[in-house]
Amino acid sequence: MISWDLTLLHLINREWAHPVLDWLMPAVSAVDAWYPIMALALLLVLWRGRARGVLLCLCVGMALGIADGIISNTLKEAIGRVRPRSAITGVTVRDLGDAKPATMRLFVPPTQRPSQPRGLKHGNSFPSSHTMNMFALATVIALFHRRWGIALYVLAALVAYSRVYCGAHWPTDIAPSMAMGVLVGWSVTRLMLLASHRLGFGHVAQSSKTATRN
């Protein structure tokens with residue numbers, strides 16, 4: 001464990017805490033609570049974007065599949081870094097309260113509890129899947145719609161910060177996860193745009209390139 005990693009964890013998790021953040025940070029981390037809104041956004045993209053919207057959704061699906069299903073899972077298993085909430089005492093574990101359906105968790109008081117070290121020798125702290133997935137998503141969106149991409153990058157940064165604030169990740173988990181997410185999102189989108197051009201859908205690829213300049 002790097003000393004400054006532990007120091008920064010305690011600063012973010014304990015010293016820089018605030019009642020507003022105690023709700024906001026678990027809220028942005030609770031991906032399952034946002035599924036209905038994500039589904040509506042997907043339908044809107046497909047309806048408004050037509051062929052270009054289909055291509056965007058394909059890029060998002062492939063980027064998230066590679067980031068989460070392949071890279072993140074493989075590295076978590078290979079590295080096995082234990083999460084701070086399971087490794088040391090003095091960490092405040094924050095989460096949303098329980099409710100059904102999951103979206104209702106956003107409207108119940110958040111929970112806090114002290115960390116409980118379990119003596120684990122293997123964990124899944126690195127990389128942060130939440131962070132990698134969000135930065136992959138933001139990168140794909142930015143390559144199609146620059147302005148929306150900027151908004152998604154801000155949200156992705158909040159999610160990344162929330163993972164440390166909630167005691168789920170070490171600060172040193174975050175930057176590499178951000179970088180891998182950007183790389184996956186950029187690579188997938190560029191390859192998909194190139195493939196669509198070669199398959200005779202050059203107008204779709206061209207409209208996407210135009211969007212990134214707007």
Side-chain angles (χ1 to χ4, degrees), residues 1-34 37-38 67-68 71-73 75-76 78-99 102-139 142 149-183 185:
M1 183 188 305
I2 306 173
S3 60
W4 66 262
D5 198 18
L6 181 61
T7 300
L8 186 56
L9 169 69
H10 286 319
L11 284 173
I12 294 173
N13 179 256
R14 297 189 310 188
E15 302 300 326
W16 298 342
H18 188 276
V20 173
L21 296 179
D22 289 346
W23 175 85
L24 178 61
M25 294 294 101
V28 297
S29 274
V31 177
D32 58 332
W34 297 96
I37 296 176
M38 293 178 187
D68 191 79
I71 298 176
S72 182
N73 286 343
L75 290 177
K76 283 179 184 291
I79 296 173
R81 192 180 196 191
V82 180
R83 295 180 184 272
R85 65 191 181 199
S86 300
I88 59 174
T89 58
V91 174
T92 301
V93 182
R94 298 179 175 89
D95 200 357
L96 294 180
D98 292 328
T103 303
M104 296 306 298
R105 298 178 66 206
L106 298 169
F107 304 99
V108 299
T111 64
Q112 293 188 23
R113 62 177 175 82
S115 59
Q116 298 177 335
R118 304 173 186 175
L120 299 177
K121 295 183 179 180
H122 195 281
N124 57 356
S125 185
F126 182 83
S128 167
S129 297
H130 284 69
T131 301
M132 189 186 302
N133 292 344
M134 285 301 301
F135 273 88
L137 172 63
T139 301
I150 293 173
L152 261 294
Y153 274 126
V154 172
L155 178 58
L158 284 176
V159 171
Y161 188 86
S162 77
R163 302 308 288 158
V164 180
Y165 189 89
C166 294
H169 286 280
W170 304 93
T172 48
D173 293 336
I174 302 304
S177 303
M178 294 167 59
M180 287 186 285
V182 170
L183 179 60

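Keep in mind it's a predicted model, so treat the numbers as computed, not measured.
A side-chain donor-acceptor contact under 3.5 Å links S177 to the backbone of S128. Between the side chain of H169 and the backbone N or O of S125, at least one donor-acceptor pair lies under 3.5 Å. S162 contributes a side-chain N or O that, together with a main-chain N or O of V159, makes up a donor-acceptor pair within less than 3.5 Å. Side chain of S86 to backbone of P117: no donor-acceptor contact under 3.5 angstrom is found. Between the side chain of D95 and the backbone N or O of T111, no donor-acceptor pair lies under 3.5 Å. Side chain of W16 to backbone of Y165: no donor-acceptor contact under 3.5 angstrom is found. When atom types are taken as modelled, the side chain of D173 and the backbone of P127 share no donor-acceptor pair closer than 3.5 angstrom.
When every heavy atom of A87 is checked against every heavy atom of W170, the shortest pair comes out as CB-CZ2, 4.0 Å.
T172 places a side-chain heavy atom less than 4.5 Å from the side chain of W4. Within the 4.5 Å cutoff, side-chain heavy atoms of H10 are placed close to those of I88. When side chains are defined from C-beta on, L96 counts as touching L106, because their heavy atoms get closer than 4.5 Å. Between L9 and V164 the shortest side-chain heavy-atom distance falls below 4.5 Å.
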Yes or no on side chain to side chain contact (heavy atoms under 4.5 Å, CB included) for V82 and K121, after CA distance, side-chain angles and deciding distance? CA-CA 7 Å; V82 180; K121 295 183 179 180; over 6 Å; no

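Between the side chains of T139 and Y153, at least one donor N or O lies within less than 3.5 Å of an accepting N or O.
Residue D32 places its CG atom among more than 12 non-hydrogen atoms of other residues, nucleotides or ligands, all under 6.0 Å distant.
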